[in-house]
Each structure stands twice: as C-alpha cells, then as structure tokens.
J.: 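Before I ask anything, let me first share the structure, which is written out below as structure tokens.
For this chain, numbers begin at 1 and follow the sequence in order.
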Amino acid sequence: MTSNRDLLLPFAAPYLLYVGLGSVARFGVPPEGVYALRLVLVTLALAWAWRWYPPLTGPRNPLGSVGVGVVAGLGGTAVWVALLTPFVPEGGEPWGGAAFALRLVAATLLVPVFEELLMRGYLLRLALQWDEARRAGESEALPVALDERSILDVAPGAWSGWAVVLSTLAFTAGHAVPEWPASVAYGLLMAGLWIWRRDLLTCIVAHGVTNLTLAAYVWSTGSWELW
C-alpha cells in the first residue's frame with residue numbers, strides 16, 4: 001500500500017512549486033517570465049507525479065461531468081464576483097499582452113488540475129480517513145490516516161462533514177484575505193460537485209471554466225481588482 005504520507009509530496013509539489021515560483025519576481029523577472037516558468041516547470045512536476053494520482057473520472061458519464069462542470073463553472077464565476085467585489089477597492093493594475101495570455105493559460109489549464117488534485121483529490125480524502133479513524137476511537141487519528149491509510153482506496157464521492165469543512169478551509173487559506181468569503185463558497189461548490197458527480201473531472205472543468213470566464217469578465221469590464 002502507498003500510504004498517504006508517501007503521497008503527500010506528489011500531490012503537494014505542483015501546488016507548492018507554482019506558489020514558490022511567484023517569488024522569482026523579486027529578482028526582476030517580469031510577469032511573462034514568471035508565468036512561462038510556471039507553465040513549464042509545474043507541467044513537468046505534474047507529469048512526474050501523475051503515476052500516483054487517482055483517476056479523474058468516476059462511475060458517471062464523463063461527458064455529463066464535462067457538461068455539469070461547464071454550468072457549475074459559470075455559476076462559480078458569478079458567485080466569485082459577487083462575494084469578492086465588496087472587499088476589494090476598484091482600480092486594479094491592468095494586465096496586457098503576453099503576460100495576460102500566459103496567466104490566462106495557466107489559470108485555465110494548469111491551476112485547476114493541480115489545485116483540485118490537492119484539495120479534493122488528496123486533502124478532502126485524507127480528512128475523511130482522519131474523521132473515520134477518529135470516530136472509530138483511534139487515539140492518534142492523524143498518524144493512522146497518514147501512515148495506515150491511502151486516499152487511493154477512497155470511493156469516488158465519499159465524504160463527511162469534517163472532510164468538506166477542512167478541505168474548504170485549506171482551499172481558502174491559499175487565497176488572499178479579501179478572497180476568503182468567495183473562496184469558502186467556491187470550496188463548498190467544488191466539494192458538492194465531488195459528492196454529486198463522484199469524480200474530479202467535474203471539479204477540474206468547473207474550476208477551469210470559472211478562471212476562464214472570470215478573466216474574460218475582468219478584461220471586458222476593466223475590473224482588474226478581481227483578478
């Protein structure tokens with residue numbers, strides 16, 4: 001059995017690499033360079049780690065999951081804009097040219113994959129196994145979940161209240177403070193898609209559609225503070 005502790009690095013590495021590469025801007029690397037590095041290096045990290053990931057599809061029709069993901073992603077954009085707008089001042093710095101294009105590609109095709117794999121693919125399932133161990137009376141539920149369980153054994157769509165809460169809080173913690181209300185709502189939406197559709201494909205498609213349509217909304221309205 002490949003334990004959850006063994007799986008932590010493959011699931012977390014692309015996320016941490018993406019975040020960490022943002023620091024190269026301090027050395028004078030322009031946004032285009034930052035996002036080019038992210039696209040190349042994080043894609044390589046995902047390719048390396050892919051052997052450890054569970055299937056993205058589940059027991060339901062993948063085409064149905066794509067359709068649900070598109071609709072949910074559009075709804076997620078509306079929720080994000082509605083819950084973020086009151087907490088950010090108007091007049092963010094515009095993005096243009098290659099920087100906008102590279103950020104758009106990363107946000108649409110790359111971020112949804114590694115973020116959903118980590119948040120709903122790993123952390124939600126790990127939290128579920130911790131919760132199950134805790135309710136079974138294990139005195140050290142977290143070490144049991146890390147060393148004696150594998151998220152690869154979790155059935156598609158399995159969940160508990162604590163698993164949803166903890167994975168949503170982890171997702172929220174990865175965003176700026178003004179984004180927290182929107183992040184909580186969006187994390188709950190993604191958890192709901194996991195439970196309903198019983199796959200990660202729906203979550204990834206929805207996340208990608210939200211990021212794409214949010215970028216389109218920001219570009220067309222000039223609401224750069226939202227991006």
J.: Mind running ring-ring contact (aromatic ring centres under 6.0 Å, His included) on Tyr217 and Trp80 for me, showing each step along the way?
T.: CA-CA 11 Å; Tyr217 174 82; Trp80 189 272; over 10 Å; no

J.: Taking the side chain as everything from C-beta on, heavy atoms only, tell me whether Leu200 gets closer than 4.5 Å to Thr57.
T.: no

J.: Spell out, as yes or no, whether a donor-acceptor pair under 3.5 Å connects the side chain of Thr85 to the backbone of Ala82.
T.: no

J.: Quick one, Leu212 and Leu104 - any side-chain contact, counting heavy atoms below 4.5 Å?
T.: yes

J.: So, Phe114 versus Phe11, ring centres under 6.0 angstrom or not?
T.: no

J.: Given the rule that I, L, V, M, F, W and Y join up when any side-chain heavy atoms are under 4.5 Å apart, are Leu74 and Val68 in one cluster?
T.: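 Unlinked, Leu74 and Val68 end up in two clusters.
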
J.: Near Trp162 CH2, under 6.0 Å, is it more than 12 heavy atoms from other residues, nucleotides or ligands?
T.: no

J.: Hey, what do you get for CE (Met119) to CG (Leu166), rounding to the nearest 0.5 Å?
T.: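 Spacing of CE (Met119) from CG (Leu166) equals 12.0 Å.
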
J.: Looking only at the side chains, is there a donor atom on one of Thr210 and Tyr186 sitting less than 3.5 Å from an acceptor on the other?
T.: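 Short answer, yes.
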
J.: Apply side-chain contact (heavy atoms from CB on, under 4.5 Å) to Ser167 and Tyr122, showing your working.
T.: CA-CA 9 Å; Ser167 61; Tyr122 183 84; over 6 Å; no

J.: Which atom names give the shortest non-hydrogen contact between Ala191 and Val164, and what distance separates them?
T.: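 Closest approach of Ala191 to Val164: CB-CG1, 3.9 Å.
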
J.: Is the ring pair Trp219/Trp224 parallel, tilted or perpendicular, if the boundaries are 30 and 60 degrees?
T.: perpendicular

J.: Rounded to the nearest 0.5 Å, what's the gap from CD on Glu138 to CD on Glu132? Could you check?
T.: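 Separation between the atoms: 11.5 Å.
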
J.: With rounding to the nearest 0.5 angstrom, report the CG to CG distance, Asn211 to Leu109.
T.: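 Rounded to the nearest 0.5 Å, the CG-CG separation comes to 10.0 Å.
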
J.: Among side-chain atoms of Asp199 and Thr202, is any donor-acceptor pair under 3.5 angstrom?
T.: yes

J.: Between the main-chain N or O of Ala145 and the side-chain N or O of Glu148, is there a donor-acceptor pair closer than 3.5 Å?
T.: no

J.: Under 6.0 Å from the six-membered ring centre of Tyr35 and within 45° of its axis: does the NZ or CZ of Arg38 meet both?
T.: yes

J.: So if I apply the side-chain contact (heavy atoms from CB on, under 4.5 Å) rule between Leu123 and each of Thr168, Leu118, Leu117, which one comes out positive?
T.: Leu118

J.: Test your reading of the model: is there a side-chain donor-acceptor pair from Ser150 to the backbone of Leu152, 3.5 Å cut-off?
T.: yes

J.: Any donor and acceptor pair, going by atom type alone, linking the side chain of Arg60 with main-chain N or O of Trp196 inside 3.5 Å?
T.: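 Judged by distance alone, yes, a pair lies under 3.5 Å.
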
J.: Might you point out which heavy atoms bring Trp48 and Ala13 nearest each other, and give the distance in Å?
T.: CZ3-CB, 4.4 Å

J.: Would you say the side chain of Met190 lies within less than 4.5 Å of the side chain of Glu116, judging by non-hydrogen atoms?
T.: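 Side-chain contact under 4.5 Å: yes.
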
J.: Could you tell me which non-hydrogen atom of Val209 sits nearest to which non-hydrogen atom of Val70, and how far apart they are?
T.: CG1-O, 3.7 Å

J.: Can you get from Trp194 to Leu201 by hopping between Ile, Leu, Val, Met, Phe, Trp and Tyr side chains that sit under 4.5 Å apart?
T.: no

J.: Please report the closest heavy-atom contact between Pro31 and Ala99, naming both atoms and the distance.
T.: CB-CB, 4.0 Å

J.: Establish, for the pair Arg125 and Trp130, whether the NZ or CZ atom is under 6.0 angstrom from the six-membered ring centre and no further than 45 degrees off its axis.
T.: no

J.: Among Leu21, Leu102, Val34, which residue meets the side-chain contact (heavy atoms from CB on, under 4.5 Å) test with Leu39?
T.: Leu102

J.: What are the two closest non-hydrogen atoms of Ala158 and Leu128, and how far apart are they?
T.: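 Minimum heavy-atom separation between Ala158 and Leu128: CB-CD2, 3.6 Å.
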
J.: Checking salt bridge (Lys or Arg N to Asp or Glu O under 4.0 Å) for the pair Arg135/Asp131: CA distance, chi angles, key distance, verdict?
T.: CA-CA 6 Å; Arg135 287 187 280 114; Asp131 192 26; 3.5 Å; yes

J.: For the backbone of Leu193 and the side chain of Arg198, can you confirm whether one donor and one acceptor N or O come within less than 3.5 Å of each other?
T.: no

J.: Would a distance-only check, ignoring hydrogens and angles, find a side-chain to backbone donor-acceptor pair under 3.5 Å from Trp180 to Thr172?
T.: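 Looks like yes, one N/O pair under 3.5 Å.
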
J.: Any pair with a residue in residues 2-16 that passes side chain to side chain donor-acceptor pair (under 3.5 Å), sequence neighbours left out, goes on the list, sorted by first then second residue, please.
T.: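 Listed once each, the pairs are Ser3-Asp6, Asn4-Gln129, Arg5-Asp147.
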
J.: Which pair of heavy atoms, one from Leu84 and one from Pro178, lies closest together, and at what distance?
T.: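 For Leu84 and Pro178, the tightest heavy-atom pair comes out as CD1-O, 3.5 Å.
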
J.: Are Val205 and Val71 connected in a single hydrophobic cluster, I mean Ile/Leu/Val/Met/Phe/Trp/Tyr linked by side-chain heavy atoms less than 4.5 Å apart?
T.: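 Hydrophobic grouping puts Val71 apart from Val205.
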
